[in-house]
> 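Let me give you the structure first, and then I'll get to my questions.
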Amino acid sequence: MVVAIDGPASSGKSTTAREVAKVLGFTHIDTGAMYRALTLAALRRNVCLEDDDELTRLAREVRIELAQENGVPWVKLDGEDVSQAIRTPEVDRHVSRVSEVAGVREEIVRQQRVLAGSRDVVMEGRDIGTVVFPNAEVKVFLVADPVTRARRRKAELEQRGIARPLEEIFSEIVKRDEYDSSRAVSPLRRAEGAEDLDTSELSIQQQVDEVVARVRRYLEKVHKT
Ligand code: DC
């Protein structure tokens, strides 16, 4: 089965998806990491970010792998571990542009469907419930107010030794949300059948418990019928 978790930047998707997958014994797939790895590849190769054809070609050419080792997720780009390199402010700034290209999305979505196969997965992103798996059994739309999200992102960056002013992070998050929500192809929006989960006032444990409870309710319902 597929548990689809969508939502804006820093709404808590990754942490929630990872922990929910752990509790349920499902595979966690962070689709944002794939767009990030592709963006990193484009920046490293000096691909013109305005050139849709070049970006589409690159998406078909590079090898992006996602996996977990001892519960810690990693991302590889052509065999190199880029788990840290895809989380820099530079990648943050350009990833929305790369991920709005129709050809890029077509290729990455194809890979995501292959990755999920027929396994039980918790897949997080922007278009999982709308495009990648519109028939996902459980769909969650995570939301949180922008200030809370900026604070979370700041703390996350600080943990990695990157200090940045809150206002700057806040305006980048708002900009990225606007971009991701207004793009022509697969914009971020609540999927049909998705239930909101506002994480602004929730602890990570509460977020995880709530999603796990929704999955269990679904499974109970299915087993009864
Ligand atoms: O979740 P994240 O911040 O790591 O995602 C990075 C970017 O990738 C995000 O700004 C939009 C894009 N993205 C997307 O377009 N579709 C997805 N399924 C996941 C991410």
Side-chain angles (χ1 to χ4, degrees), residues 1-18 20-21 24 26-39 52 55-56 59-60 64 66 75 86 92 94-146 149 173-200 207-208 210-215 217-219 221-222:
M1 75 176 277
V2 175
V3 178
I5 302 186
D6 290 301
S10 298
S11 55
K13 293 188 302 293
S14 288
T15 314
T16 308
R18 190 176 58 237
V20 167
L24 296 171
F26 288 14
T27 302
H28 168 215
I29 301 176
D30 172 2
T31 63
M34 301 174 78
Y35 292 100
R36 287 175 176 275
L38 181 62
T39 303
D52 288 13
L55 289 170
T56 301
R60 294 183 185 143
I64 298 168
L66 301 181
V75 187
I86 61 166
D92 276 358
H94 298 290
V95 66
S96 287
R97 161 62 200 144
V98 172
S99 61
E100 77 171 343
V101 176
V104 163
R105 301 201 71 81
E106 203 177 296
E107 174 58 22
I108 300 285
V109 167
R110 186 191 66 75
Q111 294 184 17
Q112 286 162 4
R113 292 186 179 135
V114 172
L115 258 179
S118 50
R119 287 186 288 180
D120 290 323
V121 296
V122 180
M123 195 178 254
E124 49 146 320
R126 303 290 190 289
D127 60 343
I128 310 308
T130 52
V131 175
V132 186
F133 286 111
N135 296 325
E137 285 83 351
V138 176
K139 296 181 187 181
V140 179
F141 195 72
L142 281 194
V143 292
D145 68 72
R149 292 191 281 127
I173 281 189
V174 171
K175 220 184 326 169
R176 191 142 68 94
D177 284 351
E178 275 171 17
Y179 212 117
D180 294 342
S181 309
S182 61
R183 69 184 175 211
V185 188
S186 311
L188 167 69
R189 64 180 170 79
R190 183 179 297 97
E192 212 183 301
E195 262 186 82
D196 273 11
L197 176 56
D198 188 336
T199 69
S200 309
Q207 277 163 229
V208 173
E210 175 56 29
V211 178
V212 168
R214 288 184 190 184
V215 175
R217 275 201 297 274
Y218 168 82
L219 290 172
K221 206 170 74 192
V222 169

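In this text the structure is predicted, and so the values were computed from the model without any measurement.
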> Please test Asp198 against Asp196 for side chain to side chain contact (heavy atoms under 4.5 Å, CB included), starting from the C-alpha separation and ending with a verdict.
CA-CA 6 Å; Asp198 188 336; Asp196 273 11; over 6 Å; no

> If you take all heavy atoms of Ala194 and Phe141, which pair is closest and at what distance?
CB-CB, 4.4 Å

> Within the structure provided, determine whether Ile128 and Thr130 are in side-chain contact (heavy-atom separation under 4.5 Å).
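Not in contact.
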
> For residues 5-18, which residue pairs pass the side chain to side chain donor-acceptor pair (under 3.5 Å) check, not counting sequence neighbours?
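Sorted pair list: Ser14-Glu124, Thr16-Gln207.
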
> Minimum heavy-atom separation for Val185 and Arg183, please, with both atom names.
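Closest approach of Val185 to Arg183, heavy atoms only: O-NE, 2.9 Å.
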
> Applying side chain to side chain contact (heavy atoms under 4.5 Å, CB included) to Val122 and Ile29, what does each step give before you reach the verdict?
CA-CA 6 Å; Val122 180; Ile29 301 176; over 6 Å; no

> May I ask you to say whether Glu178 pairs ionically with Lys175, meaning some side-chain N is under 4.0 Å from a carboxylate O?
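A salt bridge is absent here (no side-chain N lies under 4.0 Å from a carboxylate O).
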
> Just by distance, do the side chain of Arg113 and the backbone of Val132 share a donor-acceptor pair under 3.5 Å?
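Yes, Arg113 side chain to Val132 backbone: donor-acceptor pair under 3.5 Å.
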
> Atom CG in Leu55, atom OG1 in Thr39: separation rounded to 0.5 Å?
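One gets 8.0 Å once the value is rounded to the nearest 0.5 Å.
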
> My understanding is that only residues two or more places apart in sequence, or in another chain, count here; which of them pass side chain to side chain donor-acceptor pair (under 3.5 Å) with Arg214?
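Listed in chain order: Glu210.
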
> Heavy atoms only: give me the nearest Thr27-Ala21 pair and the separation to one decimal.
C-CB, 4.3 Å

> Are any of the side-chain heavy atoms of Arg149 and Asp145 separated by less than 4.5 Å?
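Not touching, per the 4.5 Å side-chain cut-off.
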
> Would you say that Leu24 contacts Asp120 through its side chain, given a criterion of any heavy-atom pair below 4.5 Å between the two side chains?
no

> Can Asp92 and Arg176 be said to form a side chain to side chain contact (heavy atoms under 4.5 Å, CB included), step by step?
CA-CA 9 Å; Asp92 276 358; Arg176 191 142 68 94; 4.3 Å; yes

> Quick one: are Arg60 and Thr56 in side-chain contact, heavy atoms under 4.5 Å?
yes

> With the side chain counted from C-beta on, respond yes when Val3 and Phe26 share a heavy-atom pair under 4.5 Å apart, and no when they do not.
yes

> So which atom in Thr199 and which in Ala144 form the shortest heavy-atom distance, rounded to 0.1 Å?
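Minimum heavy-atom contact is OG1-CB, 3.4 Å.
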
> For the OH atom of Tyr35 and the CD1 atom of Ile64, what is their distance to the nearest 0.5 Å?
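Here the interatomic distance stands at 9.5 Å.
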
> Does the side chain of Arg217 come within less than 4.5 Å of Val138's, by heavy atoms?
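With C-beta onward as the side chain, the pair stays apart.
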
> If I compare all heavy atoms of Ala33 with all of Leu66, which pair ends up nearest, and what's the gap?
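Shortest heavy-atom contact: CB-CD2, 4.1 Å.
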
> Would you say Ile86 and Val75 make side-chain contact, with heavy atoms under 4.5 Å?
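The answer is yes, as the side chains (C-beta and beyond) meet within the 4.5 Å cut-off.
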
> Nearest 0.5 angstrom please: Glu106 CD to Ser186 OG, how far?
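If we round to the nearest 0.5 Å, Glu106:CD and Ser186:OG are 10.5 Å apart.
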
> Could you state the interatomic distance from CE (Met123) to CZ (Phe133), rounded to the nearest 0.5 Å?
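That separation rounds to 5.0 Å.
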
> Is the shortest side-chain heavy-atom distance between Thr31 and Ile108 below 4.5 Å?
no

> I'd like to know if Asp30 pairs up with Arg36 as an ion pair, taking the criterion as any Lys NZ or Arg NE/NH1/NH2 lying under 4.0 Å from an Asp or Glu carboxylate oxygen.
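No, Asp30 and Arg36 are not salt-bridged.
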
> Taking atom OG of Ser99 and atom CE of Met34, what is their separation to the nearest 0.5 Å?
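Between atom OG of Ser99 and atom CE of Met34 there are 12.5 Å.
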
> Between Asp177 and Arg126, does any NZ, NE, NH1 or NH2 come within less than 4.0 Å of an OD or OE carboxylate oxygen?
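Judged by the 4.0 Å cut-off on N to carboxylate O distance, Arg126 and Asp177 do not form a salt bridge.
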
> Does anything in residues 127-142 form a salt bridge (Lys or Arg N to Asp or Glu O under 4.0 Å)? List the pairs, not counting sequence neighbours.
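Listed once each, the pairs are Arg105-Asp127.
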
> Can you name the nearest heavy-atom pair linking Ala59 to Glu107, along with the distance?
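Smallest interatomic distance, heavy atoms only, reads O-CG, 3.6 Å.
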
